[in-house]
Amino acid sequence: MTKEAPRTYDVVVIGAGPVGENVADQASAAGLSTVIVERELLGGECSYWACEPSKALLRPVLARADARRVPGLRQAVAGPLDVEAVLAHRDKMSAYWNDENQVDWLDAVSVDLIRGHGRLDGPRQVAVQTPDGGAVLLKARHAVAICTGTSAALPDTPGLDTVRPWTSREATSADHVPGRLAIVGGGVVAVEMATAWQALGAQVTMLVRGDAGLLPRMEPFAGELVADGLREAGVDIRFGASLTAVAREDGEVRMTLADGAELVADEILFATGRAPRTADLGLETVGLTAGDWLTVDDTGRVTAVADGWLYAAGDVNHRALLTHQGKYQARIVGAAIGARAKGEPVDDARWGVHATTADGAAVPQVVFTDPEVASVGLTTREADRAGRRVEVVDYDIARVAGAHQYGEGYRGQARMLVDVDRGTVAGVTFVGPGVGELLHSATVTVAGEVPVERLWHAVPAFPTISEVWLRLLETYRGRQQDQMLPAEA
């Protein structure tokens with residue numbers, strides 16, 4: 001093994017996914033010498049095995065579903081999807097699993113790259129094992145940022161090690177459509193991949209432990225409407241189904257369920273959660289526990305490490321496991337590192353320029369199913385747990401004129417949570433075709449803590465689905481007026 005002389009930078013970033021790239025970009029823009037370490041492809045999980053390929057698979061599915069609701073267009077899209085074309089488009093959107101463009105971008109923003117596996121090696125030091133067997137020691141004057149993300153968490157099911165199961169990586173990069181696909185789980189990855197592969201020709205069976213329904217972290221009606229859509233598409237959803245054993249025989253996956261039932265499929269996808277990629281990062285060299293999530297403050301500093309030199313952004317800190325939220329954290333972390341390095345004030349007050357306040361108050365998310373789900377802020381259950389007094393305002397989106405224009409037989413639901421004490425919107429959930437494009441208006445409303453009375457003057461264009469905002473506000477105002485009326489004698 002060759003060993004180079006130590007290299008010193010202001011900032012060392014471990015992990016070159018979208019989060020790490022944004023931390024490095026911000027640090028470099030602040031005038032700090034920056035290096036990024038990556039053992040796989042620059043661009044990370046999102047670019048090659050998550051956001052980009054999954055949405056490339058889903059876009060034709062949802063576009064066809066929308067077209068089938070439009071008179072005059074329904075017959076034109078009556079046939080099956082062109083699987084070869086869909087997979088080719090997925091490959092293109094995944095850059096054919098080639099990161100040359102990402103390397104060029106790093107050069108353009110003056111960030112150095114070292115390929116290899118980086119591990120902490122004591123305070124402010126990162127040891128890198130390079131692919132050629134070499135070793136590089138990096139020293140950071142100001143900060144080390146861990147941006148290694150997560151990997152699929154697999155259950156301890158007997159026989160699993162012999163099955164060669166799919167995780168989200170295989171589900172988004174597969175080069176063929178399995179005849180029968182079993183999906184274990186009921187969260188976002190599970191419902192999106194069920195939507196995609198059922199439409200591409202697989203017979204999908206979902207095995208969902210417990211009876212909490214699909215998308216259990218969202219409003220209950222979201223999971224119910226998505227379940228309806230999946231069943232109409234032909235997906236077999238089995239709640240209260242737990243696996244006790246799996247085996248692969250003659251190319252087939254054989255599953256035994258807790259109730260004694262058996263199921264056979266060609267492939268099995270486990271969408272059962274995520275685990276932090278921290279098991280082999282040298283955390284123990286700085287007093288942390290290998291394999292743990294990294295708890296951070298609102299500026300991204302790891303709270304358990306003295307002197308404030310270690311940061312963690314993105315999924316690895318377990319605040320909000322979404323690419324766009326990780327990039328938001330990264331922008332703030334990079335700016336905070338820059339400010340501290342220059343001795344400038346750090347504004348870490350609520351909604352301050354160096355505070356990731358939105359992680360707890362205004363996290364937006366879209367689930368690309370048919371119907372779509374879009375949410376931001378608190379759910380009713382979360383508000384109750386937090387002790388927030390909220391008024392729940394529901395409206396049937398199908399009653400909005402824009403929904404009729406969007407497609408025949410439109411089905412959807414909107415919910416707005418009004419914080420009674422603050423007079424602002426604490427959370428919004430939309431379910432229905434095309435609602436993902438409504439989400440940013442909701443995010444601005446929640447993050448901006450816009451008074452409900454001021455929202456009355458934000459006029460939605462007619463006839464668009466966004467007119468649901470007006471209907472929600474009318475419903476809320478009507479209730480307030482009813483409460484002010486004198487009781488009948």
Taking the side chain as every heavy atom from C-beta outward, state whether [X] and [Y] have any atom pair closer than 4.5 Å.
X	Y	answer
Tyr395	Val400	yes
Tyr410	Arg399	no
Leu230	Thr369	no
Ile146	Val13	no
Phe239	Leu214	yes
His440	Thr443	yes
Trp166	Leu181	yes
Trp105	Leu42	no

[X] side, atom [atom1]; [Y] side, atom [atom2] - distance, nearest 0.5 Å:
X	Y	atom1	atom2	value
Leu473	Arg471	CG	CZ	10.5 Å
Leu470	Arg477	CG	CZ	10.0 Å
Ser110	Leu32	OG	CG	12.5 Å
Thr475	Met416	OG1	CE	8.0 Å
Leu243	Ile268	CG	CD1	5.0 Å
Glu170	Thr167	CD	OG1	4.0 Å

Minimum heavy-atom distance [X]-[Y], with the two atoms named:
X	Y	result
Leu73	Ala67	CD2-CB, 3.6 Å
Val83	Leu200	CG2-O, 3.5 Å
Ala24	Val111	O-CG2, 3.8 Å
Thr323	Cys51	OG1-SG, 3.1 Å
Asp394	Leu472	C-CD2, 4.1 Å
Gly314	Val19	N-CG1, 3.8 Å

List the residues meeting side-chain hydrogen bond (donor to acceptor under 3.5 Å, both in side chains) with [X], not counting sequence neighbours, and say none if there are none.
X	value
Arg319	Asp298, Thr356, Asp359
Arg274	Thr150, Ser168
Thr299	Asp297, Arg340
Arg238	Asp236

Applying side chain to side chain contact (heavy atoms under 4.5 Å, CB included), name anything that partners [X], two or more places apart in sequence or on another chain.
X	answer
Arg385	Arg381
Met218	Leu215, Ala222, Gln365, Val367, Val373, Ser375
Glu437	none
Val420	Arg389, Glu391

Does Arg68 pair with Asp370 as a salt bridge, N-O distance under 4.0 Å? no
Is it true that atom CZ of Arg231 has more than 12 heavy atoms of other residues, nucleotides or ligands lying nearer than 6.0 Å? yes
Is the count of non-hydrogen atoms from other residues, nucleotides or ligands lying under 6.0 Å from Arg411 atom CZ greater than 12? no
Side-chain donor or acceptor of [X] paired with backbone N/O of [Y] under 3.5 Å:
X	Y	value
His142	Trp309	no
Thr34	Val11	no
Glu372	Gly436	yes
Asn317	Ala312	yes
Thr272	Phe270	no
Ser441	Leu438	yes
Glu38	Ala16	yes
His354	Asp348	no
Trp197	Ala171	yes
Glu232	Gly229	no

Should Val435 and Ile397 be marked as a side-chain contact (heavy atoms from CB on, under 4.5 Å) after you check the CA-CA gap, both sets of side-chain angles, and the distance that decides it? CA-CA 10 Å; Val435 297; Ile397 302 178; 4.2 Å; yes
Checking side-chain contact (heavy atoms from CB on, under 4.5 Å) for the pair Val61/Thr195: CA distance, chi angles, key distance, verdict? CA-CA 8 Å; Val61 176; Thr195 300; 3.9 Å; yes
Apply side chain to side chain donor-acceptor pair (under 3.5 Å) to residues Tyr328 and Asn22 and explain how you reach the verdict. CA-CA 9 Å; Tyr328 158 76; Asn22 272 270; over 6 Å; no
Show every side chain to side chain donor-acceptor pair (under 3.5 Å) that has at least one partner inside [range], sequence neighbours left out.
range	value
residues 41-59	Glu45-Arg169, Glu45-Arg277, Lys55-Glu192
residues 203-225	Glu219-Thr380, Glu219-Arg415
residues 80-99	Asp99-Arg115

Could you tell me which residues satisfy ring-ring contact (aromatic ring centres under 6.0 Å, His included) with Trp293, sequence neighbours excluded, listed by chain and number? His318
Are Leu288 and Val302 close enough, and set up right, to give a side-chain contact (heavy atoms from CB on, under 4.5 Å), and what steps lead you there? CA-CA 10 Å; Leu288 301 175; Val302 177; 4.2 Å; yes
Identify the residue among Leu281, Thr148, Leu321, Ile14 that makes a side chain to side chain contact (heavy atoms under 4.5 Å, CB included) with Val316. Thr148
Option from Leu378, Leu417, Asp421, Val425 for which side chain to side chain contact (heavy atoms under 4.5 Å, CB included) with Val390 holds: Leu417
